Amino acid sequence: MDPAALHRLFGALSSRRGGESTAIELPGADLAAAHLLCADLQGANLAGARLDGAKLGGANLAGARLDAASLVNADLTGADLRWADLSGALLGGALLTAADLRGARLPRSFSSASSLSGARVDASACARSGLDEEAILALAGAGASFDDIASFSSPLRDALASAGAVAESAERSRRPAPPEPQRVSAPPDSQRVSAPPDSRRLGAGPDSRRLGAAPDSQRVSAPPDSQRVSAPPDSRRLGAGPDSQRLGAGPDSRRMAAPPEARRHGAAAGAPRRAAGASRQLAEEPLLARQVELRLAIAGGALLLVLATAVALAKIPPPGLLWAAHAGGALGAALLTFALPPLGTERGAARALAARLVLAALVATLVHGVDPSRLAVFRLRATLASGDAASRAAAVRLLARSGHRHFDGVDLSGLELARADLTQTSFRNARLAGADLSGAALMESTFEGADLSGANLRGADLSGADADQARGWELAECDQATELPGDGECVLGHPVRALQPAQDATARSAQEGAPPAGAL
């Protein structure tokens, strides 16, 4: 292990904990067996470094350069390695349990790591690393899980799913939808109930053929023998059957009187009417009632209103609130689409519901694509104008950290901004009177028209800035550790403007032409 490199690394980590954005440049350094648990190594240049046996559990290595580095037997459990460069790195025996490797550039010997259980890999990491299907399946076999398997080809996607390398969220999206309930147009017993069994047996039973007519009619109208001789069995059965006497001219007798061709024609004519009635019934009975849709839309609007109110009332929106606003906003917008009229009802209730769900998913995707940090920018700008001193100082730090470095015309007087990273920040016409900027990074910042009266600049770095042109520059406080712009100097605790070239030449000529001390 190189003690000098380790000392430089710990100094950079200490500066980062103080709020500075110190770069870590240690390519080829010997940091074997170093204890760097949960260290902030984001963007660090450790290319070719020796980190054998290092303890890097939970470390932030996002965007770090680890190409050709040696990480043999290193502990990277739970480390954040998103978009890191691990090409050519040696990972023999390394522990990468639950490590986040999405977007990272992976080496070909990645599968030689000791443990990849729970490690997260995505399609972008595989594409950047040039991994083929065999290497991807080797990662899955070692315990890695894939979030976006939909980006892979169908055979590889099925292979990853069968290997259990699919994240839970992706697995839920692959589950088939439950089958739709089948409607039964008519109960099976209706066919049997349409004609009672007794009438069928009485209409053409063997007893009716032998008897022909009821006993009373046989005794009154004619003797039994004449009835059997004069009329055929069918005429006796239709003319004087028991059912015909009771029903007279009911529907059954009309159907029996009509010829078979007419009955078939009537059934064929009624079939389109029955089909049209079934389609109208299907269109009139949606799978999701309109009252339920309106309630879902009202719930989505209420969710959006609650989240907007919470963000508006929070002077410094926490990350958890921004995450809730991000996810809840997408859900609320999706639910609001149920207030629209139903789509595609003429094609059936199932297709109408599917079209509505597709529209809701599209709206949720568009809303989810909005960066939640934009919501925080609006609220933090409002906090700068109306919040208390502590909230305003915190708002300045958060805005600068998220890349919004324009504070033109803003009143920042008296704020505590010690050791803040305000590099290349614009303070045109801003009020910084009495502000605590001790140890702050103000390199290449703009102070045109700003008021620095009584500002604390002890230990601040103003190299490349135009702070000497600001109002009240001579009234600011400085010390020997202050890096003043240009050739400025700190005299008696206050900065002195650098002499212009003409003034400097006049001073030198006056000094050269002045008589020596004590001359007459």
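If you're wondering where the values come from, they're calculated on a predicted model, not measured in any experiment.
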Checklist entry - Side-chain contact, heavy-atom cut-off 4.5 Å: Leu6 with Leu31? => result yes
Item to check | Non-neighbouring partners of Asp30 that pass side-chain hydrogen bond (donor to acceptor under 3.5 Å, both in side chains), sequence neighbours left out | outcome: Arg50
Item to check | Partner residues of Ile136 under the side-chain contact (heavy atoms from CB on, under 4.5 Å) criterion, sequence neighbours left out | outcome: Cys126, Leu131, Phe146, Phe152, Leu156, Leu160
Checklist outcome for this item: Those residues at least two apart in sequence (or on a different chain) that pass salt bridge (Lys or Arg N to Asp or Glu O under 4.0 Å) with Glu448 are Arg428
Checklist entry - How many angstroms lie between atom CZ of Arg397 and atom CZ of Arg419, to the nearest 0.5 angstrom? => result 10.0 Å
Item to check | Sequence neighbours excluded, every pair satisfying side chain to side chain donor-acceptor pair (under 3.5 Å) that has a member inside residues 82-92 | outcome: Asp80-Arg82, Asp85-Ser87
Next on the checklist: Main chain of Ala361, side chain of Thr365: is a donor-acceptor contact present, judged purely on distance under 3.5 Å?
Outcome noted: yes
Checklist entry - Does some side-chain heavy atom of Leu442 sit less than 4.5 Å from a side-chain heavy atom of Thr425? => result no
Item to check | Asp461 CG to Asp421 CG distance, which is reported to the nearest 0.5 Å | outcome: 10.5 Å
Checklist entry - Would you say the side-chain atoms of His368 pair up with the backbone N or O of Ala327, donor to acceptor, closer than 3.5 Å? => result no
Checklist entry - Would you find a donor on one side and an acceptor on the other, under 3.5 Å apart, between the side chain of Asp466 and the backbone of Phe447? => result yes
Checklist entry - Can you tell me how far CG of Leu335 sits from CG of Leu304, rounded to the nearest 0.5 angstrom? => result 8.5 Å
Item to check | CG-CG distance between Leu398 and Leu380, expressed to the nearest 0.5 angstrom | outcome: 5.5 Å
Item to check | Over all atoms of both residues, closest heavy-atom pair of Phe427 and Asp408 | outcome: N-OD1, 3.9 Å
Item to check | Salt-bridge criterion met for Glu25 and Arg65 (N-O under 4.0 Å) | outcome: no
Checklist entry - Can you name the closest pair of heavy atoms from Ala39 and Leu13 and give their distance? => result CB-CD1, 4.1 Å
Checklist entry - Got a donor-acceptor contact below 3.5 angstrom from the Thr482 side chain to the Leu457 backbone? => result yes
Next on the checklist: Quick one: does any side-chain atom of Thr337 pair with a main-chain N or O of Val363 as donor and acceptor, under 3.5 Å?
Outcome noted: no
Next on the checklist: Suppose we screen for side-chain contact (heavy atoms from CB on, under 4.5 Å). Which residues come up paired with Ala44, at least two apart in sequence or across chains?
Outcome noted: Ile24, Leu41, Leu46
Checklist entry - If you measure from NZ on Lys55 to OG1 on Thr77, what distance do you get to the nearest 0.5 Å? => result 9.0 Å
Next on the checklist: To check you understand the geometry: which heavy-atom pair defines the closest contact between Thr423 and Arg405, and what is its length?
Outcome noted: O-NH1, 3.1 Å
Checklist entry - Which heavy atom of Pro485 sits nearest a heavy atom of Ala465, and at what distance? => result CB-O, 3.1 Å
Next on the checklist: Side chains of Val396 and Val410, heavy atoms from C-beta outward: is any pair under 4.5 Å?
Outcome noted: no
Next on the checklist: Applying salt bridge (Lys or Arg N to Asp or Glu O under 4.0 Å) as the test, list every pair that has at least one member in residues 4-15; sequence neighbours left out.
Outcome noted: none
Checklist entry - Under the 3.5 angstrom rule, does the side chain of Thr446 hit a backbone N or O of Ser426 as a donor-acceptor pair? => result no
Checklist entry - Got a sec: does the CZ of Arg431 have more than 12 other heavy atoms crowding it under 6.0 Å? => result no
Next on the checklist: Determine whether a donor-acceptor pair (N or O, by modelled atom type, separation under 3.5 Å) exists between the side chain of Asp479 and the backbone of Gly459.
Outcome noted: yes
Checklist entry - Any donor and acceptor pair, going by atom type alone, linking the side chain of Arg356 with main-chain N or O of Leu340 inside 3.5 Å? => result yes
Item to check | side-chain hydrogen bond (donor to acceptor under 3.5 Å, both in side chains) against Asn456, all qualifying residues, sequence neighbours excluded | outcome: Asp436, Arg458
Checklist entry - If only atom types and distance count, is the side chain of Arg16 paired as donor or acceptor with the main-chain N or O of Gln42 below 3.5 Å? => result yes
Next on the checklist: With salt bridge (Lys or Arg N to Asp or Glu O under 4.0 Å) as the rule and sequence neighbours excluded, what pairs involving residues 385-394 come up?
Outcome noted: Lys315-Asp388
Next on the checklist: If the condition is side-chain hydrogen bond (donor to acceptor under 3.5 Å, both in side chains), which residues does Glu483 pass it with, not counting sequence neighbours?
Outcome noted: none
Checklist outcome for this item: For Gly300 and Leu336 the tightest heavy-atom approach is C-CG, 4.3 Å
Checklist entry - What pairs meet the salt bridge (Lys or Arg N to Asp or Glu O under 4.0 Å) rule with one or both residues in residues 117-131, with sequence neighbours excluded? => result Arg120-Asp147
Checklist outcome for this item: Closest heavy-atom pair, Ala5 versus Ala29, reported as atoms and distance to 0.1 Å, is CB-CB, 3.9 Å
Checklist entry - Which residues satisfy the side-chain contact (heavy atoms from CB on, under 4.5 Å) test with Ala455, sequence neighbours excluded? => result Leu452
Checklist entry - From Asn429 CG over to Asp411 CG, what is the distance, rounded to the nearest 0.5 angstrom? => result 12.5 Å
Next on the checklist: Test of understanding: with side-chain contact (heavy atoms from CB on, under 4.5 Å), list the residues that count as partners of Leu357, not counting sequence neighbours.
Outcome noted: Phe338, Leu353
Item to check | For Leu71, the option from Leu90, Leu96, Leu95, Leu86 that meets side chain to side chain contact (heavy atoms under 4.5 Å, CB included) | outcome: Leu86
